Undergrad: 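Once you've had a glance at the structure underneath, I'll fire off some questions.
The shown structure was predicted, so the numbers you read here are calculated from the model rather than taken from an experiment. Letters go in sequence order (proteins before strands), and every chain restarts at 1.
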2 protein chains.
Amino acid sequence: MSSHTTTPKKPRTRRISESTIRRLSIYYRALARLEAEGYHTVSSKELARRERLTPAQVRKDLSFFGSFGTRGLGYPVSELRGKIARILGIDRMWNVALIGVGNIGSALVAYKEFQRQGFHIRRIFDNDQRKIGSNHKGIMVSDIADLESELKASKIEITVIAVPAHAAQDVADRCVRAGIKAMLNFAPVNLKVPDDVCLRTENMSMELEYLSFSRVNQGSVETVLLDAEKA
Amino acid sequence: MSSHTTTPKKPRTRRISESTIRRLSIYYRALARLEAEGYHTVSSKELARRERLTPAQVRKDLSFFGSFGTRGLGYPVSELRGKIARILGIDRMWNVALIGVGNIGSALVAYKEFQRQGFHIRRIFDNDQRKIGSNHKGIMVSDIADLESELKASKIEITVIAVPAHAAQDVADRCVRAGIKAMLNFAPVNLKVPDDVCLRTENMSMELEYLSFSRVNQGSVETVLLDAEKA
DNA sequence: AATTGTGAAATTGTTCACAGCA
DNA sequence: TGCTGTGAACAATTTCACAATT
């Protein structure tokens, strides 16, 4: 378990599941809260209780990345938080560009949580002449016509796509051409990007549809089967 | 396969996985587009190709709810769309209340996609005296002090929580007391609700953190292991 | 005594492959 | 022939259970 040994105990490469990464984000936030509450140490049991997970899940997730705890004691809150920040890559700043400053885009510019996590909006793009040149929280809105060149010039690493659905694929294609490898999409469409580009889509309607489904079929699918057949 | 037999061939109740429900939303949107493009029929192969899934996945997902296709032909686009709408519970209107009309809340009021899917914002609540009484897209902002009574009076079925993180748990508790069974939360906290209440949390930072992770560890976790250990 | 770290078992989710039908 | 529907095989993920460690 010591980090000085030269003989590795496990394979150096592993595929980490999406769910593990999502939980890492959860642990990070929980640890931040624990730190604020003055805790120095936390057990997998307590961390799991707070986030409605199982202790084994917490330990297994963390074990993929190393041995961060002390047997009999638990995990050091502040230190573990730092380790997770490093794993997630949020121990640094990211240059983000926002494309589309309509309703959702405007909300995102004002959303302080992004800044707090190290995601800094450096450029804003829109195609509306009335918006171009205007100021949003200290950032001039650029003409989307200059997207590719500006993205490159300003060393943007992540783009947030907040344009209408019909324009989203074109914007995504142009980001790809500008060398962007990570995008967060708020348009309710399934964008196509090359394999080496990481794309996440935030689909708010989908979440509401999930709620709707859960309400209509209170936990089980008995009624769905019946209804769908008779429909 | 016929729905007239009195002896069911499979158990009438089944637990449907979250991923299947999410894909149902995807199929629904894809079918809407196919319909607009004039298709009458679609095969699992084509549907899968468009949404980057596998044909077997599409067929398996749909088979949980019934037999909607025709062997040799495929699925009837418009009809299947209707069936999925019914399964998801979006073949009706839902009364939604928005709680918190800050940056994100304002964006949600203006977000047309919700309306289009049958989710109608009927009430808006805030605790800011300057906002109370003001008009947002035809809806008067109510005082959050009246939350419980107004939720009941207006037959709200789903609440959307868009208040600051520190206020979110209290709002959720009050929604529960008002009998709300479905909530969509935009505050970056893990809210605690009773088992019979369905809660979804839309966490935008989490998605950015996922992108960050993917960028830092290009697909594999080799570097994470090394970095986390030496850190 | 308490709690981690982790193989092994259990469970859940996905893909295969083919019978059955249009 | 083409394509669905589905049990069986396979793969991934979660949970269990316990040795190891403080």
Undergrad: Would you kindly give the CG-to-P distance between A/Leu62 and C/dT3, to the nearest whole Å?
TA: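 So the two atoms are 16 Å apart, to the nearest Å.
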
Undergrad: A/Lys45 has an atom NZ; how far is it from atom P of C/dA1, in whole Å?
TA: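 From A/Lys45 NZ to C/dA1 P: 15 Å.
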
Undergrad: Taking atom P of D/dT15 as reference, at what distance in whole Å does atom CZ of A/Arg23 sit?
TA: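 Nearest whole value for this atom pair: 8 Å.
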
Undergrad: Could you check whether B/Arg22 makes a cation-pi contact with A/Tyr210, meaning its NZ or CZ is under 6.0 Å from the centre of the six-membered ring and within 45° of the ring axis?
TA: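 No - B/Arg22 does not lie over the ring of A/Tyr210 by the 6.0 Å and 45° rule.
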
Undergrad: Less than 4.0 Å between a side-chain N and a carboxylate O, is that true for B/Arg33 and B/Glu37?
TA: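 Salt bridge flag = no for B/Arg33 with B/Glu37.
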
Undergrad: Taking only the side-chain heavy atoms of B/Gln57 (C-beta and beyond), determine which of D/dT4, C/dT15, C/dT3 contains the nearest atom.
TA: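 Selected nucleotide: C/dT15.
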
Undergrad: Are A/Glu157 and A/Arg92 close enough for a salt bridge, meaning some N to O gap below 4.0 Å?
TA: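 Salt bridge present between A/Glu157 and A/Arg92.
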
Undergrad: Taking the side chain of B/Arg71 as its heavy atoms from C-beta onward, which of D/dT21, C/dC16, C/dC21 lies nearest to it?
TA: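 Shortest atom-to-atom distance from the side chain points to C/dC21.
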
Undergrad: Under 4.0 Å from OP1 or OP2 of C/dT3: is there any side-chain N or O of A/Ser44 that close?
TA: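 No.
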
Undergrad: Does A/Ala56 or A/Gly72 map to a spot on DNA chain D nearer the 5' end, using the closest nucleotide for each?
TA: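 Final value for this comparison: A/Ala56.
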
Undergrad: Any side-chain N or O of A/Thr70 below 4.0 angstrom from OP1/OP2 of C/dT4?
TA: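 Indeed not, no polar side-chain atom of A/Thr70 lies that close.
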
Undergrad: Looking at B/Tyr39, I'd like to know if the NZ or CZ of B/Arg50 sits under 6.0 Å from its six-membered ring centre while staying within 45 degrees of the ring's axis.
TA: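 Yes, a cation-pi geometry.
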
Undergrad: If only side-chain N and O atoms count, and only distance matters, is there a donor-acceptor pair under 3.5 Å linking A/Asn203 with A/Glu207?
TA: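 No - no donor-acceptor pair under 3.5 Å links their side chains.
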
Undergrad: In whole angstrom, what separates A/Ile21's CD1 from D/dT14's P?
TA: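 The answer, rounded to whole Å, is 12 Å.
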
Undergrad: Which is true for A/Thr20 with a 4.0 Å heavy-atom rule: it touches a base, it touches only sugar-phosphate, or it touches nothing?
TA: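 If one applies the 4.0 Å heavy-atom cut-off, A/Thr20 turns out to touch nothing in the nucleic acid.
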
Undergrad: Take the protein atom CG of A/Leu53 and the nucleotide atom P of D/dT15, then report the distance between them rounded to whole Å.
TA: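 It works out to 9 Å between those atoms.
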
Undergrad: What is the distance from NZ of A/Lys83 to P of C/dT4, rounded to the nearest Å?
TA: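 Computing the A/Lys83:NZ to C/dT4:P distance gives 15 Å.
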
Undergrad: Atom CZ of A/Arg15 to atom C1' of D/dA11: distance rounded to whole Å?
TA: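 Nearest whole value for this atom pair: 11 Å.
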
Undergrad: Would you kindly compare A/Gly74 and A/Lys60 by the position of their nearest DNA chain C nucleotide and give the one closer to the 5′ end?
TA: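 Counting from the 5' end, the first nearest nucleotide belongs to A/Gly74.
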
Undergrad: Counting only side-chain heavy atoms from C-beta out, which of D/dT13, C/dT4, D/dT4 sits nearest to B/Arg59?
TA: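 The closest nucleotide is D/dT4.
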
Undergrad: Could you tell me whether the phosphate oxygens of C/dG5, OP1 or OP2, come under 4.0 Å of any side-chain nitrogen or oxygen in A/Tyr75?
TA: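 Looking at the OP1 and OP2 atoms of C/dG5, one of them is under 4.0 Å from a side-chain N or O of A/Tyr75.
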
Undergrad: Round to the nearest Å and state the distance from A/Phe68 atom CZ to C/dT6 atom C1'.
TA: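 Those two atoms, CZ and C1', are 15 Å apart.
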
